[in-house]
Amino acid sequence: MRDAYHEELDSIGEGLVEMARLVGSAIGRATTAILDSDLKLAESVIAADEKVDDLQHELEARAIALLARQQPVATDLRIVVTSLRMSADLERSGDLAQHVAKLARLRFPERAIPHDLHATILEMGQLAQRLMAKAAEVIITKDVDLALQLESDDDEMDLLHRTLFQHLLDDKWKHGIETAVDVTLLGRYYERFADHAVSVAKRVVFLVTGEHADELQPEIQPVTGVEGA
């Protein structure tokens with residue numbers, strides 16, 4: 001009976017990893033869709049979000065069933081409650097990837113992003129995907145140092161976000177109000193996606209240590225240009 005209980009806990013963790021991988025792939029494909037004005041790809045990202053939602057609902061049902069049947073305490077309770085919160089972060093990340101794809105669909109056949117911002121948006125999309133891949137690794141390995149590193153890595157996304165606003169506020173901006181709104185929204189989507197990846201990692205820190213990540217001081221440096229970008 002106890003073995004079955006821990007197998008169910010493990011399966012919840014596996015479901016979280018699958019969600020993280022799905023939303024990481026989604027933000028990468030959505031980025032390609034908006035930069036290339038690829039309607040077919042955008043539609044596939046939008047449709048695929050249903051699988052992420054279904055996974056979240058399944059994980060919630062499992063977690064609630066465990067709470068009801070087993071009444072876990074201490075570490076096991078922390079695993080169940082933290083998993084519920086992580087699934088919410090990951091589901092929201094999927095929604096943000098879907099928003100990027102919907103913006104590509106809305107502006108088709110035109111390109112939503114001016115050519116002079118392509119490099120910045122591409123970099124934001126790639127960074128978002130790397131951060132979520134690292135969050136998935138943290139869920140698997142329970143590596144606290146790696147988890148704490150994500151917040152430092154997220155500084156790079158904040159810098160890219162500010163770069164977008166510098167373009168928008170430049171007197172030389174010539175792409176109009178509609179495009180300015182699109183770029184503003186897009187920057188926010190990527191910035192929030194990265195925040196959710198960081199949040200997942202922080203929740204793993206709490207799961208492992210019982211302490212909030214903000215209370216720990218990692219002796220690490222931000223990592224940029226991560227292999228596999």
Side-chain angles (χ1 to χ4, degrees), residues 19-54 56 88-135 150-151 153-200 222 224-226 229:
M19 286 184 72
R21 288 173 173 165
L22 285 172
V23 300
S25 173
I27 197 67
R29 291 184 296 119
T31 301
T32 300
I34 200 159
L35 291 177
D36 295 348
S37 191
D38 188 328
L39 180 60
K40 185 176 180 180
L41 184 58
E43 292 285 10
S44 74
V45 174
I46 294 165
D49 188 56
E50 185 175 349
K51 184 174 182 180
V52 175
D53 293 342
D54 289 344
Q56 188 203 17
D89 277 313
L90 293 168
E91 188 276 334
R92 184 58 185 145
S93 298
D95 287 346
L96 290 163
Q98 187 184 59
H99 291 341
V100 174
K102 284 183 175 179
L103 185 56
R105 182 176 67 180
L106 178 66
R107 299 303 176 208
F108 181 83
E110 301 299 325
R111 294 178 184 267
I113 306 304
H115 182 73
D116 54 339
L117 290 180
H118 271 220
T120 302
I121 295 300
L122 177 60
E123 194 172 354
M124 292 181 85
Q126 291 175 337
L127 178 58
Q129 195 167 6
R130 290 202 303 271
L131 287 170
M132 192 55 74
K134 188 176 284 188
L150 259 81
E151 190 162 14
D153 294 346
D154 182 49
D155 291 343
E156 188 178 346
M157 183 66 82
D158 294 336
L159 179 60
L160 289 167
H161 196 203
R162 287 195 294 272
T163 298
L164 282 184
F165 275 97
Q166 289 171 359
H167 280 279
L168 291 170
L169 296 174
D170 195 315
D171 290 338
K172 297 178 182 178
W173 178 261
K174 57 185 179 183
H175 305 294
I177 293 174
E178 183 178 83
T179 300
V181 171
D182 288 347
V183 170
T184 300
L185 288 172
L186 196 60
R188 182 61 173 163
Y189 297 153
Y190 285 116
E191 189 262 342
R192 289 298 298 144
F193 187 98
D195 286 347
H196 284 296
V198 172
S199 179
V200 167
T224 58
V226 180

Are any of the side-chain nitrogens in [X] or [Y] under 4.0 Å away from the carboxylate oxygens of its partner?
{"X": "Arg188", "Y": "Glu191", "value": "yes"}
{"X": "Asp95", "Y": "Arg92", "value": "yes"}
{"X": "Asp195", "Y": "Arg192", "value": "yes"}

If you take all heavy atoms of [X] and [Y], which pair is closest and at what distance?
{"X": "Thr31", "Y": "Ile121", "answer": "CG2-O, 4.0 Å"}
{"X": "Tyr190", "Y": "Met157", "answer": "O-CE, 3.8 Å"}
{"X": "Leu35", "Y": "His118", "answer": "O-CE1, 3.3 Å"}
{"X": "Ser93", "Y": "Met132", "answer": "OG-CE, 3.5 Å"}
{"X": "Val200", "Y": "Ala135", "answer": "CG1-CB, 4.2 Å"}
{"X": "Thr120", "Y": "Thr163", "answer": "OG1-CG2, 4.3 Å"}

- Query: Between atom OG1 of Thr179 and atom CZ of Arg107, what is the distance when rounded to the nearest 0.5 Å?
  - Reply: 7.5 Å

- Query: Side-chain contact, heavy-atom cut-off 4.5 Å: Lys102 with Arg105?
  - Reply: yes

- What do you reckon, is CG of Leu169 surrounded by more than 12 foreign heavy atoms closer than 6.0 Å? yes

